[in-house]
Amino acid sequence: MTNGGKTTLSKNLQKLISNSCVISQDNFFKDVSVVSVDANGFKEYDTLDALHMDRMMAVIGLWQKDPQRFMTSRGYPVTFTATEPSDVFVLIVEGFLIFNHGPLNSLFNKRYFLQIPYETCKERRSSRVYVPPDAPGYFDGHVWPMYLKYRKEMEETVNDIVFLDGTQKSETLLSTVLADVQEMLMVSER
Ligand SMILES: Nc1ncnc2c1ncn2[C@@H]1O[C@H](COP(=O)(O)OP(=O)(O)O)[C@@H](O)[C@H]1O
Ligand SMILES: NC(=O)c1ccc[n+]([C@@H]2O[C@H](COP(=O)(O)O)[C@@H](O)[C@H]2O)c1
């Protein structure tokens, strides 16, 4: 969900997981000129139609094909320990509608959903400036109703999501998810 803390957590994880990198759904919004407008005049940004999901999938495909090349071409460090060459690369995908897109959702090994209450979300959102900025009434008129719609759809179709309380301290969220990911990586290396 918007302002749950996805970008913050992803960046913190990336710094601590060797050979990891982040792809953000936010970078795939369509141009304002082609985003549709609803009956109330609100730009329909909080929908899958507002996103170039085909392009996002293509970028993920580049990582899948050659993660080392993908990382170096984007300035991420690639490290190998001298004694134990590792071929484990980790892709962190973050975004507000990543589990509602079937082909994308099917790629994940682990799924985390940062949730925050309505008031917290509205408060955090009020200090963010998007391009274009939120119109008056946008949160209640578009963002929150779309969140409820897509969340319901997600809960009906995806069942192995770990829900995290996004009001926890960012350090707590980081240590929880990091421990979980490290456990998964140890199992996959065995
Ligand atoms: N655990 C947290 N506790 C309090 N505020 C947070 C936390 N994580 C992020 N924030 C704040 O909430 C806002 C949105 O964070 P961000 O990581 O960009 O969320 P998202 O990517 O989900 O939209 C920012 O102002 C950020 O500083
Ligand atoms: N990046 C953009 O082009 C753009 C434009 C307008 C609104 N938004 C907002 O971005 C939100 C999703 O991003 P966050 O999860 O980072 O908040 C959506 O709620 C959408 O309303 C993004």
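Counting starts at 1 for both ligands and their atoms, following the listed order.
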When you compare the side chains of [X] and [Y], does any donor N or O come within less than 3.5 Å of an acceptor on the partner?
X	Y	result
Tyr76	Asn19	no
Ser24	Asp26	no
Asp49	Thr47	no

With the threshold set at under 4.0 angstrom, would you say Met146 reaches ligand 2 through any of its heavy atoms? no

Below 4.0 Å from ligand 2: does a non-hydrogen atom of Arg128 turn up there or not? yes

If you count the non-hydrogen atoms of other residues, nucleotides and ligands that lie under 6.0 Å from NZ in Lys43, is the total more than 12? yes

Using a 6.0 Å cut-off, check whether atom CD of Glu155 has over 12 heavy atoms from anything other than its own residue. yes

Which part of Arg124 is near ligand 1, with near meaning a heavy atom under 4.0 Å away: side chain, backbone, both or neither? side chain

Check each heavy atom of Thr167 against ligand 1 and say whether those closer than 4.0 Å belong to the side chain, the backbone, both or neither. neither

Output yes when the distance from some N or O of ligand 2 to some N or O of [X] is under 3.5 Å, and no in every other case.
X	result
Asp46	yes
Tyr130	yes
Tyr138	no

I'd like to know if atom 27 (O) of ligand 1 has any protein heavy atom within a distance of less than 4.0 Å. no

Does the protein place any heavy atom closer than 4.0 Å to atom 1 (N) of ligand 1? yes

For atom 17 (O) of ligand 2, which candidate among Val35, Asp134, Thr2 provides the closest heavy atom? Thr2

Which of the listed options, Asn12, Leu164, Asn3, holds the heavy atom that is closest to atom 14 (C) of ligand 1? Asn3

Quick test: of every protein heavy atom, which one is nearest to atom 1 (N) of ligand 2, and how far off is it to 0.1 Å? Phe29 CD1, 3.2 Å

Contact (N/O only, under 3.5 Å) between [X] and ligand 1:
X	value
Lys169	no
Leu173	no
Gly4	yes
Thr2	no

Any heavy atom of Arg128 sitting closer than 4.0 Å to ligand 1? yes

Presence of salt bridge, Asp140 and Lys122, under 4.0 angstrom: yes

Establish, yes or no, whether the cationic atom of Arg74 lies under 6.0 Å from the six-membered ring centre of Phe70 and within 45° of the ring axis. yes

About how many Å separate NZ of Lys30 and CZ of Arg55, when rounded to the nearest 0.5 Å? 9.0 Å

